[in-house]
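When reading the values below, keep in mind they use all heavy atoms of this one structure, side chains included, and skip hydrogens, waters and symmetry mates. This is a predicted model, so every value here is computed, not measured.
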Amino acid sequence: MQNYKQDQKLVNPENPPRSLVKNFLWMGIGIATLFITGKAAIFGYQQWLSHQEQLFVETMEDLIINKEFVECMNKALEIPESSHNSYNAGAFLNQCAQGQLEQAKKVVKAQELKPVDENYKLAINLAKQIPSSTSVYNQAQDAILKWENKWRQLVGVEGFTDGIYFYQQNKRSNIYLIFQKQGNKILGKKYGFQSDYIVCLRGVIRRDILKELTGISYGIDFIPQVESVDPINLSKWYRISWDKISNSSKYPLHYAYNNKDHHIESCQKEFDKNP
């Protein structure tokens with residue numbers, strides 16, 4: 001019986017062994033250490049985020065001060081929505097887009113050495129760089145449409161969209177001009193309907209004038225000859241739209257309509273043979 005009581009005393013929870021107490025003590029110290037270390041890690045991470053945010057803000061502000069709006073918008077777009085900088089990025093994106101649009105407007109109004117049409121082209125290119133996700137995107141698109149219309153009025157045929165165009169020297173003339181416009185370059189043919197007069201043309205267009213023209217004259221009894229050609233002022237010619245031609249009863253016009261691609265291709269072959 002005495003041994004049993006002695007054994008019972010050994011496991012009595014009210015009087016635990018010293019080793020058990022030490023274990024609980026070390027466990028408590030460990031938990032406290034983890035808690036303190038965790039708080040320190042969180043604080044350090046928050047400090048790092050704050051530093052990164054400050055660097056981002058300073059970088060964007062410098063770009064705005066230097067009017068580097070395109071780079072500013074690009075950097076803002078690089079920030080993912082999940083980033084802690086996403087809110088600042090969105091704000092800077094709209095601010096820089098607004099700056100880009102204002103810069104484009106100033107170019108249009110600027111009295112510089114450049115011709116006015118060049119100012120419109122530069123302003124249009126600036127506005128086209130504004131992303132669709134910005135608050136001023138619709139304003140930029142409206143401005144682009146307005147400036148493009150004014151630019152086309154200023155530059156004439158040079159402002160036409162790329163494509164194939166058809167002209168008659170005058171309403172009673174038998175001389176026609178067909179050319180393909182690609183940017184400011186042209187390739188085409190000047191010819192007399194049902195005649196041996198055929199000249200393939202290659203050059204550039206400036207406003208309403210075909211300039212820097214190289215011609216190749218050829219025909220049934222002609223040996224092709226490369227020669228320079230005088231500029232052609234299209235404002236003195238009569239332009240006929242393809243819609244009007246397709247509804248016309250005049251055979252010369254139908255001939256041009258049905259062979260418009262052939263005219264361009266045949267002249268391209270002539271220039272390929274005679275570079």
Side-chain angles (χ1 to χ4, degrees), residues 70 100-101 103-105 107-108 110 112-132 137 140-169 175-191 198-218 224 226-246 256-257 259-275:
V70 174
Q100 183 78 353
L101 182 58
Q103 194 173 48
K105 290 179 179 179
V107 168
V108 171
E112 300 179 357
L113 295 177
K114 295 179 180 178
V116 177
D117 57 289
E118 291 296 323
N119 287 353
Y120 279 122
K121 287 170 68 175
L122 176 56
I124 290 166
N125 289 333
L126 289 172
K128 283 183 175 180
Q129 297 178 74
I130 295 175
S132 59
Y137 176 75
Q141 294 303 301
D142 290 341
I144 289 170
L145 183 62
K146 177 182 176 182
W147 295 336
E148 283 181 338
N149 289 335
K150 289 190 174 182
W151 176 71
R152 288 193 178 99
Q153 292 172 10
L154 284 170
V155 300
V157 181
E158 185 183 353
F160 287 7
T161 56
D162 289 354
I164 299 176
Y165 295 91
F166 184 74
Y167 285 78
Q168 187 177 7
Q169 195 166 40
I175 303 297
Y176 298 93
L177 173 65
I178 184 170
F179 64 88
Q180 182 177 45
K181 175 185 178 296
Q182 291 183 322
N184 70 331
K185 296 181 179 180
I186 68 99
L187 172 69
K189 180 185 292 184
K190 182 181 177 185
Y191 67 94
I198 303 173
V199 182
C200 287
L201 301 170
R202 182 170 62 185
V204 297
I205 184 166
R206 295 283 185 257
R207 296 182 182 267
D208 286 329
I209 300 177
L210 304 186
K211 304 175 70 174
E212 301 173 25
L213 293 173
T214 300
I216 299 179
S217 301
Y218 72 99
V226 180
E227 57 189 0
S228 62
V229 178
D230 292 337
I232 298 173
N233 189 344
L234 294 175
S235 65
K236 297 181 179 180
W237 286 62
Y238 176 60
R239 182 187 164 211
I240 310 175
S241 70
W242 293 114
D243 287 340
K244 186 174 182 179
I245 291 173
S246 64
Y257 182 83
N259 293 278
K260 59 181 179 179
D261 292 324
H262 172 71
H263 285 310
I264 305 302
E265 291 169 2
S266 63
C267 282
Q268 183 63 65
K269 290 178 181 178
E270 289 298 325
F271 280 107
D272 289 342
K273 291 187 293 184
N274 300 277

K.L.:
Using 0.5 Å steps for rounding, measure from the CD atom of Q141 to the CD1 atom of I130.
P.N.:
8.5 Å
K.L.:
Test side-chain contact (heavy atoms from CB on, under 4.5 Å) on E148 and I124; report intermediate values, then the result.
P.N.:
CA-CA 7 Å; E148 283 181 338; I124 290 166; 3.5 Å; yes
K.L.:
Would you sort out whether I240 and Y257 count as a side-chain contact (heavy atoms from CB on, under 4.5 Å), showing the intermediate values?
P.N.:
CA-CA 11 Å; I240 310 175; Y257 182 83; over 6 Å; no
K.L.:
So how far is it from K273 NZ to Q268 CD, rounded to the nearest 0.5 Å?
P.N.:
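Rounded to the nearest 0.5 Å, the NZ-CD separation comes to 12.0 Å.
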K.L.:
Any idea which heavy atoms bring W237 and Q168 closest together, and the distance?
P.N.:
CE3-C, 3.4 Å
K.L.:
Using a 6.0 Å distance limit plus a 45 degree cone around the ring axis, check whether K181 lies over the aromatic ring of F179.
P.N.:
no
K.L.:
Taking N184's backbone N and O only, do any of them form a donor-acceptor pair with E158's side chain (distance below 3.5 Å, no angle check)?
P.N.:
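Not at all, since once roles are kept as given, no pair shorter than 3.5 Å links the two residues.
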K.L.:
Show the nearest heavy-atom pair for residues P231 and I209, with the distance to one decimal.
P.N.:
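Result for this residue pair: CB-CG2, 3.9 Å.
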K.L.:
Hey, could you give me the CD1/CG distance between I186 and L234, rounded to the nearest 0.5 Å?
P.N.:
8.5 Å
K.L.:
Identify whether the distance between the nearest side-chain nitrogen and carboxylate oxygen of E270 and R202 falls below 4.0 Å.
P.N.:
no
K.L.:
Keeping the roles fixed (side chain from R152, backbone from G159), state whether a donor-acceptor pair exists under 3.5 Å.
P.N.:
yes
K.L.:
Report the distance from atom CG of D261 to atom CD of Q180, rounding to the nearest 0.5 Å.
P.N.:
8.0 Å
K.L.:
Do you know the tightest heavy-atom contact between A140 and A127?
P.N.:
CB-O, 4.1 Å
K.L.:
Going through the distances and angles, do L210 and V157 end up as a side-chain contact (heavy atoms from CB on, under 4.5 Å)?
P.N.:
CA-CA 10 Å; L210 304 186; V157 181; over 6 Å; no
K.L.:
Check the surroundings of atom CD in Q182: do more than 12 heavy atoms from other residues, nucleotides or ligands lie under 6.0 Å from it?
P.N.:
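It does not: Q182 CD has 12 such atoms or fewer within range.
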K.L.:
When the ring planes of Y165 and F160 are compared, do they come out parallel, tilted or perpendicular, using 30° and 60° as the limits?
P.N.:
tilted
K.L.:
Let me confirm one number: the CD1-CG distance from I164 to L187, rounded to the nearest 0.5 Å.
P.N.:
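I164 CD1 to L187 CG: 9.5 Å, rounded to 0.5 Å.
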K.L.:
Within this structure, what is the CD-OG1 distance for the pair E212 and T214, rounded to the nearest 0.5 Å?
P.N.:
9.0 Å
K.L.:
Donor-acceptor pair, Q129 side chain versus N125 backbone, under 3.5 Å?
P.N.:
yes
K.L.:
Return the minimal non-hydrogen interatomic distance between A143 and L101, and the atom names on each side.
P.N.:
CB-CD1, 4.5 Å
K.L.:
Could you check whether the rings of H263 and Y191 sit parallel, tilted or perpendicular, using 30° and 60° as the cut-offs?
P.N.:
parallel
K.L.:
Cut-off 3.5 Å, side chains only: do S235 and N233 have a donor facing an acceptor?
P.N.:
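The criterion, which ignores hydrogens and geometry beyond distance, is satisfied for N233 and S235.
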K.L.:
Determine the minimum heavy-atom distance between F166 and A256, stating which atoms define it.
P.N.:
CE1-CB, 3.4 Å
K.L.:
Counting C-beta onward and ignoring hydrogens, is there a side-chain heavy-atom pair between L126 and V70 closer than 4.5 Å?
P.N.:
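The answer is no, as the side chains (C-beta and beyond) never meet within the 4.5 Å cut-off.
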K.L.:
Do the side chains of W147 and K105 get nearer than 4.5 Å, heavy atoms only?
P.N.:
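Yes, their side chains come closer than 4.5 Å.
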K.L.:
On a heavy-atom basis, which atom in A104 and which in A123 lie closest, and how many Å separate them?
P.N.:
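Answer, listing the atom of A104 first, then A123: O-CB, 3.4 Å.
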